[in-house]
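Below, chain A is the first sequence line, B the second, and so on; all start at residue 1.
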2 protein chains.
Amino acid sequence: MKKYNFSIEATLDIIGGKWKIVILCILMMDQRKRTSELKRMIPNITQKMLIQQLRELEKDNIILRKVYNQSPPKVEYSLTEYGESLTHVIDLMCDWGAVNIKKRIEEGEEIQLSLEEHDGIRN
Amino acid sequence: MKKYNFSIEATLDIIGGKWKIVILCILMMDQRKRTSELKRMIPNITQKMLIQQLRELEKDNIILRKVYNQSPPKVEYSLTEYGESLTHVIDLMCDWGAVNIKKRIEEGEEIQLSLEEHDGIRN
DNA sequence: ATAAATTGTTACTTAATAGTAACTAGGTTA
DNA sequence: TAACCTAGTTACTATTAAGTAACAATTTAT
């Protein structure tokens, strides 16, 4: 039996994986992406991690996996309607994070932001 | 040099520790808490983890540690002004999590929520 | 004098998470 | 035919995070 102190822990359970928000941010920006596109966009992720994180997001009904019956295989991932409901949360978290990064840079810390900006996901 | 893909990762760096949001939620509800009070309110946390998470939150300027010059020692933790800026984010994440938990319970999963509800932190 | 309560530290162990690298399998291209 | 692309799997290893348990230092209560 899963036990939480606060409901926010459920949110972190779902978006807290090392690569999950990166995947979600990309799918929020671009609607749908093939496995290979995701892999190219996230340079340091491994095949195994990518598939693993996608599976978990799919299991949690956040993303949809659509298989095209082709060869070479084609699989596209997109947000489910339920996954879309995370958009506001993620946007607000992005905003807070952007301020945090700005603050830390002002304090002399060296931080680098890699992926391009986009309406709705403002870095 | 710290490298992020999206600024949201900075947010998760700060609130993503296993016990950090629990601590933050409590401090959002109750203004300030002594070490021992926090420990009592979070039954499964160990002394080491509690102090460790508090130190990291303090280092990130999210909470303030106030030492009273007494014996036996008295130390109180509270949100800094910057820490308060997390309130909106955490509230929204709580809301989403509450819906998620409701959904999962409807689907037959067994989940238990432990800490009492409060305005602003609605479980 | 002893025990308890306070906040905190330390060395060590265990569990969870992530990374490596090689492999499958079908089809396409050179 | 050999090399390549796609999406995915698997066994294994490394790294990180978290838990255990004992200890310190101070003062009050018994």
Closest-nucleotide 5' rank along DNA chain C - winner of Gln47(A) and Tyr77(B):
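Nearer the 5' end of the strand: Tyr77(B).
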
For a salt bridge (Lys or Arg N to Asp or Glu O under 4.0 Å) with Asp30(A), tell me which candidate from Lys33(A), Arg34(A), Arg32(A) qualifies.
Lys33(A)

For residues 48-64 of chain B, which residues have at least one heavy atom under 4.0 Å from DNA chain C?
Lys48(B), Ile51(B), Arg55(B)

I need the [atom1]-[atom2] distance between [X] and [N], as an integer number of Å.
X        : N       : atom1 : atom2 : result
Lys39(A) : dT20(C) : NZ    : P     : 11 Å
Leu12(B) : dT16(D) : CG    : C1'   : 17 Å
Ile45(A) : dG8(D)  : CD1   : C1'   : 14 Å
Glu76(B) : dG8(C)  : CD    : P     : 12 Å
Tyr68(A) : dG8(D)  : OH    : P     : 13 Å
Asn69(A) : dG27(C) : CG    : P     : 10 Å
Arg65(B) : dT7(C)  : CZ    : P     : 10 Å
Leu38(B) : dG8(C)  : CG    : P     : 11 Å

Would you indicate, yes or no, if [N] has its OP1 or OP2 atom less than 4.0 angstrom from a side-chain nitrogen or oxygen of [X]?
X        : N       : value
Arg34(A) : dT6(D)  : no
Thr35(A) : dT6(D)  : no
Lys18(A) : dG19(C) : yes

By the 4.0 Å heavy-atom rule, please label Ser36(B) as base, sugar-phosphate, or nothing.
sugar-phosphate

Cut-off 3.5 Å, side chains only: do Tyr82(A) and Asp60(A) have a donor facing an acceptor?
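Their side chains do not contain a donor-acceptor pair, so the 3.5 Å distance test is not met.
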
Side-chain donor-acceptor contact under 3.5 Å, Gln112(B) with Tyr4(A)
no

Take Lys20(A) and Glu56(A), measure what salt bridge (Lys or Arg N to Asp or Glu O under 4.0 Å) needs, and give me the verdict at the end.
CA-CA 9 Å; Lys20(A) 285 185 187 174; Glu56(A) 289 179 22; 2.7 Å; yes

Please tell me whether Val67(B) and Leu38(B) are part of a single hydrophobic cluster in this structure, the criterion being side-chain heavy atoms less than 4.5 Å apart.
yes

Is it possible for you to say whether Met41(B) and Ile15(B) belong to one hydrophobic cluster, with membership spreading through side-chain heavy-atom contacts below 4.5 Å?
yes

Sub-3.5 Å pairs of nitrogen or oxygen atoms, protein against nucleotides 25-30 of chain D:
| from | atom 1 | to | atom 2 | distance (Å) |
| --- | --- | --- | --- | --- |
| dT27(D) | O4' | Ser71(B) | OG | 2.9 |

Assess Lys66(B) against Tyr77(B): is NZ or CZ under 6.0 Å from the centre of the six-membered ring, and within 45 degrees of the ring's axis?
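Lys66(B) over Tyr77(B) ring: no.
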
Lys39(A) meets the side chain to side chain donor-acceptor pair (under 3.5 Å) criterion, sequence neighbours left out, with none

Salt-bridge contact Glu106(A)-Lys102(A) (side-chain N to carboxylate O under 4.0 Å):
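Lys102(A) and Glu106(A): not salt-bridged.
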
